There are 2 protein chains.
Amino acid sequence: MEEPLSRTMSGQITTRIREKILSGVYAPGSALLQDVIAAEFGTSKIPVREALVQLRSEGLLDIYAHRGFQVRPLSAQEVAEVFHLRLSIEPAAVAEGARQANAPDRDYARDALARLNQALAGNELSRSGDLNCAFHLALIVPRLYPMTNDVLFRLHTVSQRYVRLHLQDRGRTRRANKQHTELYNAWAAGKAKEAERLTRTHIEETGAELMATLSHE
Amino acid sequence: MEEPLSRTMSGQITTRIREKILSGVYAPGSALLQDVIAAEFGTSKIPVREALVQLRSEGLLDIYAHRGFQVRPLSAQEVAEVFHLRLSIEPAAVAEGARQANAPDRDYARDALARLNQALAGNELSRSGDLNCAFHLALIVPRLYPMTNDVLFRLHTVSQRYVRLHLQDRGRTRRANKQHTELYNAWAAGKAKEAERLTRTHIEETGAELMATLSHE
DNA sequence: ATGTCGTAGATCGTATACGATCTACGAATG
DNA sequence: CATTCGTAGATCGTATACGATCTACGACAT
């Protein structure tokens with residue numbers, strides 16, 4: 001039941017460093033020394049460097065030539081931008097997914113939702129972030145829109161950094177849970193316009209909560 | 001007057017490989033052997049690999065673990081998706097840029113347009129692609145929206161592969177030229193709504209032309 | 001004839017070693 | 001006293017060397 005580990009060190013390290021950034025183990029603003037990380041994972045620097053290049057493209061860290069890698073700091077401005085971008089793209093993409101999904105696509109999304117709910121029930125915070133992302137991406141049917149999927153993956157990934165800041169809020173979890181179910185049901189029934197509306201609402205509410213949390217902290 | 005070369009081999013090689021993919025020297029669908037590229041640039045494989053990881057994140061090539069790198073094939077579907085995404089994001093972002101740009105931002109955009117026109121006048125096709133991208137990105141004022149800038153850079157980069165397929169069309173060049181000037185004037189005057197409309201029209205027309213070119217080829 | 005297995009060659013992926021660049025900090029200079 | 005210069009240590013960036021994986025293809029078994 002484990003994730004099928006990437007065939008390369010770079011791939012595995014990318015996933016593991018990403019997780020450490022998202023969970024805050026590598027704190028925002030902190031420097032990442034490639035020798036230290038390499039030792040931490042028991043490898044040489046080369047796969048570490050490739051992982052860091054990848055994570056930079058995901059917006060999780062900055063590279064300063066000859067000076068090192070730094071976890072990108074958090075900012076209320078970034079949250080606003082990310083959720084604004086998601087609103088520009090995701091509702092319409094989910095509507096299109098609702099129109100074009102076939103049976104396997106719907107099964108896949110249903111399973112993704114089930115896994116997400118299971119993780120939330122078990123309070124497995126770290127996994128729930130990825131599973132939440134996977135569920136939302138399933139609704140856009142990546143097969144149809146690979147580039148859209150790519151863009152949204154990045155946006156979800158960045159937003160996870162902020163979501164985890166207040167993930168202990170059980171009320172929020174329950175509400176998100178309910179919204180996900182409604183959204184999935186509309187989507188799977190091919191009700192494109194309703195799925196679009198629910199997606200927009202879901203993103204707006206999540207974004208607003210995050211902004212509120214960040215501002216009085 | 002040369003570009004300030006990146007401080008690292010990886011950076012320089014990224015730029016040079018990108019250019020070769022965009023110009024078709026590395027043809028769509030062809031395999032890229034890291035040893036061959038390394039020999040071509042007179043370096044070892046390591047910076048080449050980092051460049052290829054970066055270019056993958058830009059959507060220009062695919063990586064198959066233990067099997068190699070491949071220039072991503074062109075497809076009408078991808079053009080449609082890229083221009084659809086640009087329409088979702090760029091007009092509103094340009095409008096916002098028009099509202100918030102300060103004097104240096106406007107100077108920078110004006111210069112970018114001038115450089116683009118100069119390249120087009122001199123028929124320097126390879127540079128005009130980058131300069132076109134730079135002009136359009138200047139209008140969104142990257143300083144304000146770094147993530148939006150990032151996303152649009154990727155979309156422009158991918159679309160360049162298709163634009164260059166029919167760049168010899170002088171009529172199109174002249175028309176784009178006129179649209180750019182109108183767009184810049186509205187933008188610099190702070191006419192956000194007009195800049196938004198002109199951006200939308202410009203993207204729609206460009207996308208439609210590309211789709212037409214691709215379909216009867 | 002078909003399919004499986006195994007080997008050779010090519011290519012990828014990573015470890016090690018080395019050279020280049022940066023930062024910090026103290027000495028020399030005006 | 002302020003500033004410049006220069007050196008030492010740390011860290012980054014890349015070349016070289018080696019081991020791992022894949023593909024192609026021919027021998028063998030069915």
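All values reported here derive from a predicted model rather than from experimental measurement. All chains are named by letter (A, B, ...) in the order of the sequence lines, taking the proteins before the strands, and each is independently numbered beginning at 1.
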Pairs involving residues 37-66 of chain A, ordered by first then second residue, that meet ring pair (Phe, Tyr, Trp, His ring centres under 6.0 Å) (sequence neighbours left out): none
First and last nucleotide of DNA chain C, 5' to 3', lying under 4.0 Å from heavy atoms of chain A: dT14(C) to dT23(C)
Straight-line distance of T157(B) OG1 to L55(B) CG, nearest 0.5 Å: 9.5 Å
Check side chain to side chain contact (heavy atoms under 4.5 Å, CB included) between L74(B) and all other residues, then give those that pass, not counting sequence neighbours. P28(B), R161(B), Y162(B), L165(B)
Residues in ring-ring contact (aromatic ring centres under 6.0 Å, His included) with H180(B), at least two apart? F135(B), H136(B), H202(B)
Taking side chain to side chain contact (heavy atoms under 4.5 Å, CB included) as the test, write out the residues that go with A65(B), two or more places apart. R7(A), T8(A)
Sequence neighbours excluded, the answer for salt bridge (charged side-chain N to carboxylate O under 4.0 Å, His left out) partners of R18(A) is E58(A)
Taking atom CD as the centre, does Q118(B) end up with more than 12 heavy-atom neighbours from other residues, nucleotides or ligands that are less than 6.0 angstrom away? no
Does F69(A) or A65(B) map to a spot on DNA chain D nearer the 5' end, using the closest nucleotide for each? F69(A)
With sequence neighbours left out, what residues match D62(B) under side-chain hydrogen bond (donor to acceptor under 3.5 Å, both in side chains)? R72(B)
Please say whether more than 12 non-hydrogen atoms of neighbouring residues, nucleotides or ligands are located less than 6.0 Å from CD in E124(B). yes
Can you list everything that forms a side chain to side chain contact (heavy atoms under 4.5 Å, CB included) with Q34(A)? Sequence neighbours excluded, please. K45(A), V48(A), R49(A), F69(A)
Bend of the helix from dA1(C)-dT30(D) to dG30(C)-dC1(D) from end-axis comparison, five pairs per end, nearest 10°, comes to 10°
Toward the 5' end of DNA chain C, by each residue's nearest nucleotide, G68(B) or H66(A): G68(B)
Side chain to side chain contact (heavy atoms under 4.5 Å, CB included) against Q77(B), all qualifying residues, sequence neighbours excluded: S75(B)
Tell me, which of residues 46-60 of chain B have any heavy atom that sits under 4.0 Å from an atom in DNA chain C? I46(B), R49(B)
Judged by nearest nucleotide, the residue sitting upstream toward the 5' end of DNA chain C, G11(A) or K45(A), is G11(A)
Hey, could you give me the OG1/CH2 distance between T199(A) and W187(A), rounded to the nearest 0.5 Å? 11.0 Å
Heavy atoms within less than 4.0 Å of DNA chain C: which residues of residues 31-39 of chain B have one? Give them sorted by number. L32(B), L33(B), Q34(B)
Side chains of Q100(A) and E96(A): do they bring a donor and an acceptor to under 3.5 Å? yes
